[in-house]
Amino acid sequence: MADERWTPADVDLVRPNTARIYDYLLGGKDNYAADREVAERLLAVIPEARTAARENHAFIGRAVRFLARRGVRQFIDIGTKLPARGNVHEVAAEVAPDATVVFADGDPVVLVHARALLARTRRAAFVRCDPKCPEAVADDPEVRALIDFGQPVGVVLDRVLHFIEDAAEAAAALRRLHDALAPGSHLVFTHITQEPEPESGGEVGRVFKTAGDHFWGRSRAEILDIVASFDLVEPGLAYTSEWRPDGPGAAHPERTFTLAGVGRRR
């Protein structure tokens, strides 16, 4: 686990952080006692939360690999996460060493961690951005200095859309993002769903409240409405484990409570 003695002064060790909770569920070391406490409470409510995090992480890797193999060389990863082992910059580089990756987030905790983790990483950078306004990255001068919006871009919205309370607002943000991207660009997204167990949503929401985050689990139909500005590639909207599975568990993927997809810019 992270050594609290060597933590930067502006990182709050008392308040749980969504990115570090996710890091703990993935078996990472960039988390603290407050994060682990919330993660364990989440596991008590949903024992498969650790599996869900791993399946989510694996989906992002498969989706990025899918796009890189189809010629995408620019990626913007928007959302609260730590750029640790196996994240977008590493996966993209496996297929395309010349790929450029920009991480965008507004969380100061993630900012501190990310800059330290990416200090020696070439062709990757971190900029500040409000994940709830993903379309704003297209107007950010730092992003435009690194990303050519005249060429295809792969935009990753991992665990972002369910933190936007108003579904119509989320759909409008994606329409604006769609219009800012060049043809051949793609959107990679995940969204927590309350199907098939809607009764668990309230309990999970109360767990995350201590981290200052509120999420809205939506139905399959609601999620499809939000991402409607993009054309989903096969297999469409699927559980993370069921989107083009590969590896040892591909024959019998374990279904969790996160839906995901890859959409193409029209």
Side-chain angles (χ1 to χ4, degrees), residues 52-81 83 86-96 99-104 131 134-135 137-138 147 149 151-164 167 170-171 173-193 195 218-247 249-250 253-266:
R54 290 172 179 166
E55 291 290 356
N56 191 94
H57 193 64
F59 158 74
I60 295 297
R62 292 196 304 276
V64 169
R65 209 171 286 116
F66 169 81
L67 296 184
R69 286 171 179 161
R70 281 152 182 75
V72 177
R73 294 293 179 267
Q74 304 182 110
F75 295 88
I76 305 175
D77 188 359
I78 304 172
T80 312
K81 68 176 70 176
N87 270 1
V88 174
H89 63 298
E90 292 189 345
V91 174
E94 290 172 7
V95 179
T100 298
V101 180
V102 172
F103 291 92
E135 75 280 17
V137 296
I147 300 293
F149 282 88
Q151 297 297 319
V153 180
V155 179
V156 179
L157 286 178
D158 178 21
R159 299 172 302 115
V160 170
L161 294 172
H162 51 245
F163 286 112
I164 302 177
L174 289 194
R175 286 194 296 271
R176 292 190 293 269
L177 176 62
H178 171 277
D179 294 344
L181 299 173
S185 295
H186 289 75
L187 172 73
V188 176
F189 67 92
T190 62
H191 196 303
I192 289 177
T193 180
E195 297 178 358
R218 296 185 172 102
S219 69
R220 178 180 292 270
E222 290 171 324
I223 297 169
L224 284 172
D225 284 343
I226 289 173
V227 301
S229 53
F230 290 83
D231 294 325
L232 298 186
V233 304
E234 289 296 331
L237 186 65
Y239 287 98
T240 50
S241 60
E242 297 176 349
W243 195 94
R244 298 178 182 248
D246 56 23
E254 186 170 349
R255 180 174 289 185
T256 58
F257 48 83
T258 306
L259 289 168
V262 175
R264 191 176 189 278
R265 189 237 193 258
R266 290 174 183 163

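Checking Ile226, Thr193, Ile192, Leu224 one by one against Arg218, the side chain to side chain contact (heavy atoms under 4.5 Å, CB included) holds for a single residue, Ile226.
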Does the side chain to side chain contact (heavy atoms under 4.5 Å, CB included) test come out yes or no for Phe189 and Leu237, once each step is laid out? CA-CA 10 Å; Phe189 67 92; Leu237 186 65; 3.7 Å; yes
Could you walk me through whether Glu234 and Arg244 pass the side chain to side chain contact (heavy atoms under 4.5 Å, CB included) check? CA-CA 8 Å; Glu234 289 296 331; Arg244 298 178 182 248; 4.0 Å; yes
Worked check of side chain to side chain contact (heavy atoms under 4.5 Å, CB included) between Asp158 and Val188: CA-CA 7 Å; Asp158 178 21; Val188 176; over 6 Å; no
Can you check side chain to side chain contact (heavy atoms under 4.5 Å, CB included) on Leu161 and Val227, steps first, answer last? CA-CA 10 Å; Leu161 294 172; Val227 301; 4.2 Å; yes
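Gly154 approaches Val72 most closely through the heavy-atom pair N-CG1, 3.6 Å. The shortest heavy-atom contact between Ser185 and Val153 is OG-N, 2.9 Å. Taking each heavy atom of Leu174 and Phe230 in turn, the nearest pair found is O-CE1, 3.6 Å. Smallest separation of non-hydrogen atoms from Val262 and Ala63: CG2-CB, 3.8 Å. The two atoms that bring Val160 and Pro131 nearest to each other are CG1-O, 3.3 Å, heavy atoms only. The two residues Ala104 and Val137 come nearest to each other via the heavy atoms CB-CG1, 4.2 Å.
In this structure, Phe75 and Leu67 have side chains that are in contact, with non-hydrogen atoms separated by less than 4.5 Å.
One distance of note links CZ of Phe257 with CD of Glu55; it measures 11.0 Å at 0.5 Å rounding. Atom CD1 of residue Ile223 and atom OG1 of residue Thr258 lie 9.0 Å apart, to the nearest 0.5 angstrom. Here the straight-line distance linking atom CH2 of Trp243 with atom OG1 of Thr190 works out to 13.0 Å at 0.5 Å rounding. The line from NE2 of His191 to CD of Glu222 is 8.0 Å long, rounded to the nearest 0.5 Å. Atoms CZ and OG, from Arg62 and Ser241 in turn, are 7.5 Å apart once rounded to the nearest 0.5 Å. With rounding to the nearest 0.5 Å, the separation of NE2 in His57 from CG in Asn87 is 4.5 Å.
The closest donor-acceptor contact from the side chain of Arg264 to the backbone of Val233 lies at 3.5 Å or more, if one exists at all. The main-chain N or O of Gly184 is found under 3.5 Å from a side-chain atom of His186 such that the two form a donor-acceptor pair. Looking only at distances, a side-chain donor or acceptor of Arg265 sits under 3.5 Å from a matching main-chain atom of Leu181.
A salt bridge links Arg266 with Asp231: the distance from a Lys NZ or Arg NE/NH1/NH2 to an Asp or Glu carboxylate oxygen falls below 4.0 Å.
A donor atom on one side chain and an acceptor atom on the other are not found under 3.5 Å apart for Thr240 and Asn56.
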